[in-house]
Amino acid sequence: MPLSNMAVRDIETVIHPYTNLARHREVGPLILNEGRGIYLYDDQGKRYIEGMAGLWCTALGYGNREIAEAGAEALRKISFTHAFSGKSHDGVIALSEKLKEIAPCPASKVLFGTSGSEANDMQIKLSWYYNNARGKREKKKIISRVRAYHGVTIASASLTGLPWVHNDFDLPIASVLHTSCPHYYRFGRDGETEDEFSQRMADDLEQLILREGPDTVAAFIGEPLMGAGGVLMPPKGYWEKVNAILARYDIRFIADEVICGFGRTGNWFGSTTMGMKPHSISMAKAITSAYFPLSALTIEEDLYQAMLDESRKLGTFGHGFTYTAHPVGCAISLKTIEIYERDKIMEHAARMSPVFQMRLRKLAEHPLVGEARGVGLIGAVELVADKATKRPFDPKKMVGASTVNAMQELGLIVRNIQDSVALCPPLIITTDEIHEMFDLFEKGLDRMEAWARTENARAA
Ligand SMILES: Cc1ncc(COP(=O)(O)O)c(C=O)c1O
């Protein structure tokens, strides 16, 4: 099909993140201009189920008028005020109180940004600041994990453990280290039980800390489950072991709740679902249901006291963005959280989870699927050439990307991470809509299976 005028204009003007820029010149964009509930509509009027909640973020779906009105009201009242030099506003005070109340870890204060990357970037800065204040000037390394996703600024991209985020960007920076990825299906050894694997992953972490020297390690960051690395579930007992190791070596534990926060796993926070005991959490995405770019991190009392000490010594706290605690973002977040509580969205997500997980797990029977994994209202299938040996497809065949395209043609938007295909619908999804979504997903897999057979795509 020839590209539309709008598509040509896009190609000539827009740089698209996480897009094959060369291929984009041939295939053009998918232009989505409207959304209602869990559905999106393209510029030709075609309807899609948004199976990825945008980018794991539109928890309350599209077109929520109450949230739009809360934003409009804030814009009318005060379009902008900042938080520098002690300035404040009602919204940031109320929102900070609310986030402290619902956080899964003891929180003394809240600091705002506009993206998940910024929140994690600030976590690194504050971990360094903390240890300078405590006189532990050597304790600066940050441990992340292979296949983690924590963002794309220079520091948060360094935390991310995916090669395509580092390649030719001269990343990661030297102070960031990566420990093993705890994905049992892919990295478990022959004959190794899940418990044994979990112990090996914990041992890897502890050995890395001991090799580097505990006095050089400031913090560890982890997502409750690894979202953009492929929806990788932690093995049984993993977080319990990690909690103990980090406590043993006085290492600050940061939980990246950017995807898991606000109901995704069936609880308010993934830390609760997974039994993590973090000192601090990073939040973004569903904090506003993506109606406004806003992120936040909690500051524990010890860190706050260290920041006060530094302030007594240095004067000003030398950090802040123009849009830190933007009043429109705060108003939208407050309204979003009010709706989560009033409409019992966490309870709804927990009720929908068994339906979603039942359909997801059934996909494991499909000839293309090696593993179907997930929790709450998030999941993924890993497509393999050989189910028995877990042999992946030749990456050049781009099976994951082609599967996403096949599903898009059928009217379902999902996302691939190499040959894993993720599902993460808005939390407001109903039982009927879950079935509609999985019916399309299965149809898409069947199309790919037919393709794999005719193209002999399983050949090694
Ligand atoms: C767990 C996690 N942390 C951080 C980020 C980065 O957030 P942002 O894209 O808002 O910078 C993401 C984005 O997907 C994420 O999934």
Side-chain angles (χ1 to χ4, degrees), residues 15-19 50 52-59 104 111-125 142 144-162 164-166 169 171-172 176 178 181-183 219-234 239 253-265 269-271 273-274 276 278 280-298 321 323-324 326 329 332-333 336 374-380 414-417 420 422-424:
I15 291 290
H16 290 272
Y18 289 113
T19 298
E50 175 43 284
M52 274 303 295
L55 286 171
W56 332 82
C57 52
T58 58
L111 176 61
F112 292 90
T114 53
S115 69
S117 300
E118 278 177 10
N120 290 329
D121 209 293
M122 290 191 279
Q123 292 280 20
I124 297 181
K125 279 181 87 175
I142 316 284
S144 179
R145 297 176 295 169
V146 172
R147 296 200 72 84
Y149 193 87
H150 298 296
V152 294
T153 60
I154 288 176
S156 66
S158 296
L159 296 176
T160 292
L162 299 167
W164 53 91
V165 180
H166 297 160
F169 285 116
L171 296 173
V176 172
H178 293 91
C181 171
H183 182 208
F220 170 92
I221 185 163
E223 304 154 79
L225 60 89
M226 300 172 102
V231 189
L232 310 178
M233 301 296 295
W239 283 121
F253 186 1
I254 303 154
D256 183 341
E257 291 273 6
V258 168
I259 286 182
C260 292
F262 304 95
R264 182 53 60 191
T265 64
F269 290 96
S271 297
T273 306
M274 301 299 177
M276 296 162 78
S280 169
I281 60 167
S282 299
M283 299 166 266
K285 297 191 188 274
I287 194 171
T288 58
S289 192
Y291 280 73
F292 197 87
L294 184 83
S295 65
L297 58 99
T298 60
F321 303 105
Y323 300 131
T324 296
H326 195 293
I332 286 179
S333 180
T336 302
V375 65
L377 289 180
I378 185 168
V414 286
R415 191 173 171 77
N416 72 297
I417 300 113
S420 289
L423 269 171
C424 177

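All ligand and atom numbering here is 1-based and tracks the order in the structure.
The aromatic rings of Phe292 and His326 lie tilted to each other, with the angle between the two planes from 30° to 60°.
In this structure, His166 has its ring center no closer than 6.0 Å to that of Phe169.
By the criterion of a heavy-atom distance under 4.0 Å, both the backbone and the side chain of Ser117 are placed next to ligand 1. Using a 4.0 Å cut-off between heavy atoms, Glu223 contacts ligand 1 through its side chain alone, with no backbone atom that close. Only the side chain of Lys285 comes within 4.0 Å of ligand 1, judged by heavy-atom distances. When heavy-atom distances to ligand 1 are checked against a 4.0 Å cut-off, Ala284 has no atom that comes that close, whether in backbone or side chain. Neither the backbone nor the side chain of Val152 has a heavy atom within less than 4.0 Å of ligand 1.
Of all protein heavy atoms, the one lying nearest to atom 7 (O) of ligand 1 is Gly116 CA, 3.3 Å.
Between the side chains of Asp121 and Ser156, no donor-acceptor pair of N or O atoms lies under 3.5 Å. Under the 3.5 Å distance criterion, with hydrogens and angles disregarded, a donor-acceptor pair is assigned to the side chains of Ser280 and Gln123. Glu50 and Thr58 form no side-chain donor-acceptor contact under 3.5 Å, judged by distance and modelled atom types alone.
When the options Leu294, Ile221, Val258 are ranked by their closest heavy atom to atom 5 (C) of ligand 1, first place goes to Val258.
Using a 4.0 Å heavy-atom cutoff, Asn120 is listed among the residues neighbouring ligand 1.
Distance alone, capped at 3.5 Å, is enough to place a donor-acceptor pair between the Ser158 side chain and the Ile154 backbone.
In summary, the atoms of ligand 1 found under 4.0 Å from a heavy atom of Ser115, numbered by their order in the structure, are 10 (O), 11 (O). Close approach of ligand 1 to Ile259 (heavy-atom distance below 4.0 Å) involves ligand atoms 16 (O).
For the pair Asp256 and ligand 1, the shortest N or O to N or O distance falls below 3.5 Å.
Separating the CG atom in Leu159 from the CG atom in Asp256 is a distance of 8.5 Å, to the nearest 0.5 Å. Note that CD of Glu223 and OG of Ser144 are 8.0 Å apart. Values are rounded to the nearest 0.5 Å.
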